[in-house]
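Accompanying notes for the structure given below.
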Amino acid sequence: MSNQLFADVLVEVPVFKNDRTYQYRVPEKLEGLVQFGTRVRVPFGKQKVTGFVVGLSARKAVARVKEIIDLVDESLIFREDQLSLAQWLAGYYFCGTVKALQTVVAPVLKKTTPRAVARLYSAVDPVQLPAVREQLSRAPKKKAAIEAALECPGLNKRELAAVAGVSLSVINQLCAMGLLKVKTDSSMRDPYAHYKIVEQNPVSLTGEQSRAVRDVTRAIQQGGHQVFLLHGVTGSGKTEVYLRCIEQVLRTGRQAITLVPEISLTPQMVRLYKARFGRDVAVLHSRMSDGERYDEWSRIENGSAPVVLGVRSAILAPVPDPGLIIIDEEHEPSYKQDEAPRYHARAVALYRARKSRGVLMLGSATPSLESYCRALPGGSYKLINMTTRINGKNMPRVQLVDMRREVQSGNSGIFSLALLQKMREKLHNNEQTIIFLNRRGFKTLVVCRECGMVLKCPRCDISLTYHADGRLRCHYCNYRVQAPKRCPDCGGNQLGYFGTGTQRVEMELAAALPEARILRMDADTTTRKGSHEQILSAFARGEADILVGTQMVAKGLDLPGVTLVGVINADSTLHMPDFRAGERTFQLLAQVAGRAGRGDKPGEVLIQTFTPEHYAVQAASRHDYSAFFQREVTVRKDMGYPPFAKMVRLLVLGKDDTAVQQAADKIRQHLDGFVTRLNGEKIQIVGPAPAPLARLKEDYRWHIILWSADYRQLRLVMEQFWQVTGGVAPGKDLRLSIDVDPMHII
DNA sequence: GGAAACCCTTAA
DNA sequence: TAAGGGTTTCCC
């Protein structure tokens, strides 16, 4: 009897509790074919499922072993380093290994088959042509089709039928007659085939830029692991620094990954990389087809595309030996995936860079507190500052408009008199305005319109939100109080609600300035592919005077015609029930402020707010990161919030409110048990409390938040929890989501 | 994800 | 005590 072979298989059943391998016998017919990294079909209970082969052995580990039925794909699906990456993701973010592996190799699993495309060519050679024309003289449709095939070879059947103006059956008949031949091409899809590679004149660098390039280059040449935080004001030329550093790493024979936020991966961005690196660039973004993504993926894998440019998931790309990873706008929350595995691209980048002994460069004008803290003296990152703009222009002037005074003087509308006045002025001068508002505000927030006071939880420093039962509630710890009739601070009785949508702003704007041409850009008007670019380019062409929109107007195109940016309500993000609200507000306002005055004329920014004295608003108005950082860091330290603590959020979801709440209570009890058993008294646990978005898509949502300055203790508790519960919610029709290092708590 | 096993209730 | 339903446990 020949030596038998057994395979360890990670079975693809979407249940956390099966986070382990099962052993199957490799049948004779599949010997040599079933290897590490292949996908197989196996019997599992009464059903047949697919699974990943993650190990092979000659020894049987269990008494009853079933046989592998078949191979699913002919080629390998993953390599060893990809499995380790998946295992790291699963361990760090508490998600199933299978789920993590599926995420890591998603483009391969979703690849569209076949990659070969059937194309039609005329089988008629020039010598026979007159004879064939004669033969088809009484078949005009067929004749037209042949002529079309001669003129445009390489179309598929449907395309040829359309070009010739005949039906599909005519084409089929010609194929049967042997006058048309089908050839299969396996050419790669190249979504950017029409892009031209333009050799640019090398731009000369500013002193700050060349210093940055020099520092990073040195680290690349030394070949060790090193992290840089590139803190550069908007317009300081970070992208050129990236490109130069990538050139350097390519010279060492290694590869580079650049991550940009979804909204920044515009055609211009791609063009910039293509112009410098041509076919060496592989682009990965979420709007490309599965087939396109797969093609880029395999070009990365086989080494023909050493430069990767993409969004969050590009950090999982199968780059053989990443020598440099760049994360642009590293503070952007879109780097966090909001479904399992809830990974942060920056954390994954850190893992990969460390593992491959590569350089990681984080770039931002408004770095996250996490990153900036690590870049302080004595931290593990190296800070590089770029403080001047390459065009030498000053940052736009920012004016704060105190909305409390507007209310006092009898204006309770959306727009302050100052903003209206300015908009009229711009309209008159044929200059453009952007009106920015953040729709992510909650209507339930209660603010005193006279003094700007917002009620906060005495325990959490988090804004309280108003509920239909007339009470205010903290969405971290579930603290509740009766809502006051008057402002507890100034005694005023003008307590107001918040949350103004883009549509309402558009309407009121149309009423106030009937002669203005207005464009609106938000999630509702940009559902179609490319509509985002369409609206922006229409605005850039001057087809409207005012653009009203949410965050998406804060980024994207340079709009030189814009000389005024108005922010409707800075407070709507500032008082979100989230410990990062101040940071988000500062980042958004700083970002928006950078939009105005990109052209020749200087720009102006008007920010309306009920709390002009708040440090986040103040610092943003002066373009002063350092002032903001100093204040914010003290708040975080005092409350023991990240980056001074590690945080985990557990969210229970389900259709039945009481069931969800009971499950959350049960989880809390579990956690308390683990904490006492492990002596983890340094761990804070709050909740269960209803999440700020207490009901979403029919689901009720309750959450529990854990945090601790002692990462190891928190980890032990969570590992214990994962082991005992398997990460599933106690109770039927309930779901549990575990979010490690959450970006927001809504 | 789905079948089988287990567990508890209920009604004659 | 068997049937019924709901829930938990396995699946190499």
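Residue numbers begin at 1 in each chain, while the letters A, B, ... track the order of the sequences.
With sequence neighbours excluded, the residues satisfying ring-ring contact (aromatic ring centres under 6.0 Å, His included) with Y92(A) are W88(A). Evaluation of the side chain to side chain donor-acceptor pair (under 3.5 Å) rule for E719(A) yields R715(A) as partners, not counting sequence neighbours. Residues that satisfy the side chain to side chain contact (heavy atoms under 4.5 Å, CB included) test with A689(A), not counting sequence neighbours, are N478(A), H703(A). Partners of S286(A) by side chain to side chain contact (heavy atoms under 4.5 Å, CB included), not counting sequence neighbours, listed by chain and number: E262(A). Under the side chain to side chain contact (heavy atoms under 4.5 Å, CB included) criterion, A86(A) pairs with A100(A), L101(A), V104(A), sequence neighbours left out.
Distance, I69(A) CD1 to dC11(C) C1': 13 Å, rounded to whole Å. At whole-Å resolution of the value, CZ in R20(A) and P in dC12(C) are 10 Å apart. We find that CZ of R41(A) is positioned 16 Å from P of dG1(B), with the value rounded to whole Å. At whole-Å resolution of the value, NZ in K46(A) and P in dA5(B) are 8 Å apart. What separates CG of L734(A) from C1' of dT7(C) is a distance of 12 Å, to the nearest Å. The OH-C1' distance, from Y22(A) to dG1(B), rounds to 12 Å in whole Å. Between the NZ atom of K666(A) and the P atom of dT7(C) there is a distance of 11 Å, given to the nearest Å. Put simply, NZ on K732(A) is 15 Å from C1' on dC8(B), counting in whole angstrom units.
For Q47(A) against dG1(B), a side-chain N or O and a base N or O form a donor-acceptor pair under 3.5 Å.
Of all non-hydrogen atoms in F36(A) and L56(A), the two that sit nearest each other are N-CD1, 4.1 Å.
Contacts with DNA chain C (heavy atom under 4.0 Å) in residues 53-68 of chain A: V62(A), R64(A), V65(A), K66(A), listed by number.
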